Amino acid sequence: MNAIRAFIAIELPQPIQSRLGEIIQELKSSTPKALRWVPPGNIHLTLKFLGNVSPTNLTSLNQALSKTVSRHRSFEFSVAGFGAFPNKLRPRVVWVGVAAPEELELLHHNIDRETERLGYHSEDRNFSPHLTLGRVSQHASPVEVKQIADVLNGYQVGELGKVNVKSVHLYRSDLQPGGAVYSPLFKAPLE
Ligand code: ATP
Ligand code: MG
């Protein structure tokens, strides 16, 4: 059987996805095409990118995820702020921020540790929770990058709302010509 491209993430409520969609519409009109926007329905908070998962490992992965996630109490985070990685002057990933209690960091840490045990490597970078709205194409010209940076620098996002985290999902990602298609495969509830 073919490997599944998978990641673990927190789903966003529809009203927040809609607000993010409005922000994207606004920014889209003033930025070049080299900035590729995420379909609002695809926006989520990634906790761990697993990469290729063998279908035969799905059961043990789900079990490990259930067990780890169930040890965490449900918590709330707020969606607010706007920025880019590595920074707004050299934007590659454009994001809206999340302000979360320690529980999010802990949840991320424990999922990372448990999945690492199963062979899914952790990232070298520190966890910086964010909601990716768009990505600047590798082929963007310096002029396009400057145009994008100018728009991003003049843009602000206040608090869009709160997310009550009650579960975490394992998603599969199918990279199609029209963009990535995400489908939830498994839901792991918090305590
Ligand atoms: P595309 O790759 O076509 O731009 P995508 O990034 O939305 O689409 P995936 O690459 O399958 O789709 O990624 C799924 C999720 O995992 C996204 O949230 C993405 O930001 C995150 N992700 C992908 N690669 C990594 C990585 N190497 N490290 C951390 N997170 C990643
Ligand atoms: Mg990707």
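Quantities reported herein were computed from a predicted structural model and do not represent experimental measurements. When a ligand or atom number is given, it counts from 1 through the structure's own listing order.
Note on ligand 1: L175 sits in its first shell, one or more heavy atoms being nearer than 4.0 Å. Between Y182 and ligand 1 there is a heavy-atom distance shorter than 4.0 Å.
Between Y171 and F186, the distance from one ring center to the other does not fall under 6.0 angstrom. Proximity of the aromatic rings of F85 and W95 is defined here by a centroid distance below 6.0 angstrom, and this criterion is met.
Among all non-hydrogen protein atoms, the one lying nearest atom 17 (C) of ligand 1 is H44 NE2, 3.7 Å. The single protein non-hydrogen atom nearest to atom 8 (O) of ligand 1 is A180 CB, 3.5 Å, given as residue, atom name and distance. Atom 29 (C) of ligand 1 has as its closest protein heavy atom E123 OE2, 2.9 Å. Atom 14 (C) of ligand 1 has as its closest protein heavy atom F7 CD2, 3.5 Å. Counting protein heavy atoms only, atom 10 (O) of ligand 1 is closest to R5 NH2, 2.6 Å. Looking at atom 16 (O) of ligand 1, its nearest protein heavy atom turns out to be F49 CD1, 3.2 Å.
Counting heavy atoms of neighbouring residues, nucleotides and ligands inside a 6.0 Å radius, atom CG of N2 does not exceed 12 of them. For R90, the CZ atom is loosely surrounded, since the number of other residues' heavy atoms within 6.0 Å does not exceed 12.
Between H44 and T46, the side chains place a donor N or O and an acceptor N or O closer than 3.5 Å (distance only, hydrogens not considered). Side-chain contact, H72 with S70: no donor N or O sits under 3.5 Å from an acceptor N or O. For the residue pair K48 and T115, a side-chain donor N or O sits within less than 3.5 Å of a side-chain acceptor on the partner.
The S173 neighbourhood of ligand 1 comprises atoms 9 (P), 11 (O), 12 (O), with distances under 4.0 Å to a heavy atom of that residue. Those atoms of ligand 1 with a heavy atom of T46 less than 4.0 angstrom away are 17 (C), 18 (O).
Every residue two or more places apart in sequence or in another chain was checked for a salt bridge (charged side-chain N to carboxylate O under 4.0 Å, His left out) with K187, and none qualifies.
By the 3.5 Å distance cut-off applied to N or O atoms, R135 is counted among the residues near ligand 1. On a distance-only criterion, R125 and ligand 1 share no N/O pair closer than 3.5 Å.
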